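When a ligand or atom number is given, it counts from 1 through the structure's own listing order. Computed from a prediction, not measured in an experiment: that's the story for all the values here.
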Amino acid sequence: MALIVQKYGGTSVGTPERIKNVAERVARFQARGDQVIVVVSAMSGETNRLIALCKEVAAAPDPRELDVVVSTGEQVTIGLLCMALHDIGIKAKSYTGSQVRILTDSAHTKARILNIDEAPIRKDLDEGNVVVVAGFQGVDEHGSITTLGRGGSDTTGVALAAALKADECQIYTDVDGVYTTDPRVVPEARKLDTITFEEMLELASLGSKVLQIRSVEFAGKYKVKLRVLSSFQEEGAGTLITVEEDQNMEQPVISGIAFNRDEAKLTVVGAPDKPGIAYQILGPIADANIDVDMIIQNVGHDGATDFSFTVARGDLGKAMKVLETHRGQIGARAFESDNTMAKVSIVGVGMRSHPGVASLMFRTLAEEGINIQMISTSEIKISVAIEEKYLELAVRVLHKAFKLDEA
Ligand code: ASP
Ligand code: MG
């Protein structure tokens, strides 16, 4: 007998029919003798609808009241799923976040989980119930409803699995696992049987949207066994997210390729090449709450240097304005911008032990005549900024060069 947490995302509970399918799946696990805790998201589109509704009433809704409204999406699905379970003869009980008492801090719309009271859940399970918990929500010490940030049901699932020391946390979604890259760009992309937490974190932060990044951090920290699976397939083991040490097989050098079209580049031309210049440029950008991604400062000539950095495209206009406002202080010749950039990243823990990964990446891109404009690295990741029109080509040739299409 195992204790399993299953989390179903919005598309998996998007229609009454799909909710009934989830009930059937849960019933199969229970019939096997497992104890099951189910975490559900709101039906797909519902959270967006609720947020839009709030914004129709008030331009800047009060965060506490916003949480009161948006948390109702999940309250609907827990009730519906329990009804569907009862209908096929399964004992089930639903709980909102505040009922189970998922205690969070008071940071409305992005609250963090502090504690979960596991005793009542255990009691229900031991009495033969499936316990169905609303994802994405909790309650603070004052009894106010909080929410955990978009995509937060993943974190609810992982947190419950950690609190109850579940044998596995299964995240059911509309894809059957984590892929080497987006199959819409590279049809040869393969589903990975396993991937390490570190790699998954990099991929999530690089814009691969399979799991909410905080849930991966959480799972890594509490050593929760996490698996991504499709709710639309009967069979399949999905992708298991592992701790690196657990993997006995030889690691492939690269596990996946992520990409992101949402990059814009700003260049400060002819900035004075003196200590503090990076701070003079990026300080005001940070003060304006703009996230900077990649940064490059060129070798100076005749006391001047070019300094480039990238931001999300939506922030480009704001960032240019900030630079203009600080023109005097920065002392540059000109500011240039380019909003047709993209970023391609290769990720793999195997990079640590295999030299030559960067050179293979750069050679592969060079052979296609793709110009690399910026580079950034971590221990297990290399990212390059290129012109957006070469993005798909770059991903395809890299996928091949690193033999990701070969099982
Ligand atoms: N329903 C919430 C959202 O759409 C939480 C989730 O789906 O995980 O962001
Ligand atoms: Mg979701």
Side-chain angles (χ1 to χ4, degrees), residues 5-16 18-19 21-22 37-55 61 63-82 94-100 102 104-105 107-113 116 131-140 144-163 169-175 178 200-201 203-205 207-219 224 226-232 238 241:
V5 175
Q6 301 188 331
K7 180 261 170 179
Y8 292 91
T11 43
S12 305
V13 293
T15 63
R18 288 181 179 177
I19 291 175
N21 285 340
V22 168
I37 300 169
V38 185
V39 173
V40 284
S41 292
M43 295 169 84
S44 55
E46 184 61 11
T47 307
N48 287 343
R49 188 185 72 83
L50 292 168
I51 293 173
L53 194 59
C54 295
K55 292 199 168 147
R64 181 185 184 276
E65 306 312 327
L66 191 70
D67 279 351
V68 169
V69 177
V70 298
S71 62
T72 59
E74 274 73 9
Q75 185 168 342
V76 171
T77 36
I78 55 171
L80 292 176
L81 179 57
C82 281
S94 71
Y95 292 97
T96 63
S98 72
Q99 287 175 317
V100 246
I102 296 183
T104 71
D105 61 21
H108 285 286
T109 75
K110 46 176 186 296
R112 289 192 170 262
I113 297 177
I116 295 180
V131 175
V132 181
V133 180
F136 175 56
Q137 56 180 263
V139 64
D140 74 0
S144 298
I145 295 171
T146 55
T147 64
L148 310 179
R150 296 309 304 269
S153 300
D154 290 348
T155 300
T156 308
V158 173
L160 279 167
C169 179
Q170 304 175 339
I171 307 279
Y172 287 91
T173 175
D174 47 3
V175 292
V178 180
M200 197 60 221
L201 266 184
L203 291 174
S205 68
S208 148
K209 291 186 193 65
V210 188
L211 285 175
Q212 194 209 27
I213 187 158
R214 263 172 66 195
S215 71
V216 183
E217 280 166 7
F218 212 107
V224 173
L226 191 60
R227 192 186 290 279
V228 177
L229 307 128
S230 164
S231 59
F232 301 117
I241 326 271

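Counting heavy atoms from C-beta on, the side chains of I78 and V133 never come closer than 4.5 Å. Inter-residue side-chain proximity for V228 and M200 is flagged as unmet; no heavy-atom pair is nearer than 4.5 Å.
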- Trace of the side-chain hydrogen bond (donor to acceptor under 3.5 Å, both in side chains) decision for T146 with D67: CA-CA 6 Å; T146 55; D67 279 351; 5.5 Å; no

- Task: Go through the steps to decide whether F218 and D154 satisfy the test side chain to side chain contact (heavy atoms under 4.5 Å, CB included), and finish with yes or no.
- Result: CA-CA 10 Å; F218 212 107; D154 290 348; over 6 Å; no

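Where the criterion is an N or O separation shorter than 3.5 Å, residue side chain and backbone included, S153 meets it with respect to ligand 1. Where the criterion is an N or O separation shorter than 3.5 Å, residue side chain and backbone included, R150 meets it with respect to ligand 1.
Among S231, S44, S230, the single residue meeting the side chain to side chain donor-acceptor pair (under 3.5 Å) criterion with S12 is S231.
Using a 4.0 angstrom heavy-atom cutoff, G73 does not count as in contact with ligand 1. Not a single heavy atom of G10 sits less than 4.0 Å from an atom of ligand 1.
A salt bridge does not link E217 with R214: none of the charged nitrogens is closer than 4.0 Å to a carboxylate oxygen.
Atoms of ligand 1 found under 4.0 Å from any heavy atom of G151 (numbered from 1 in listed order, with element): 3 (C), 5 (C), 6 (C), 8 (O), 9 (O). Per-residue contacts place S41 under 4.0 angstrom from the following atoms of ligand 1 (heavy atoms of the residue considered): 6 (C), 7 (O), 8 (O).
No part of E46 comes within 4.0 Å of ligand 1, judged by heavy-atom distances.
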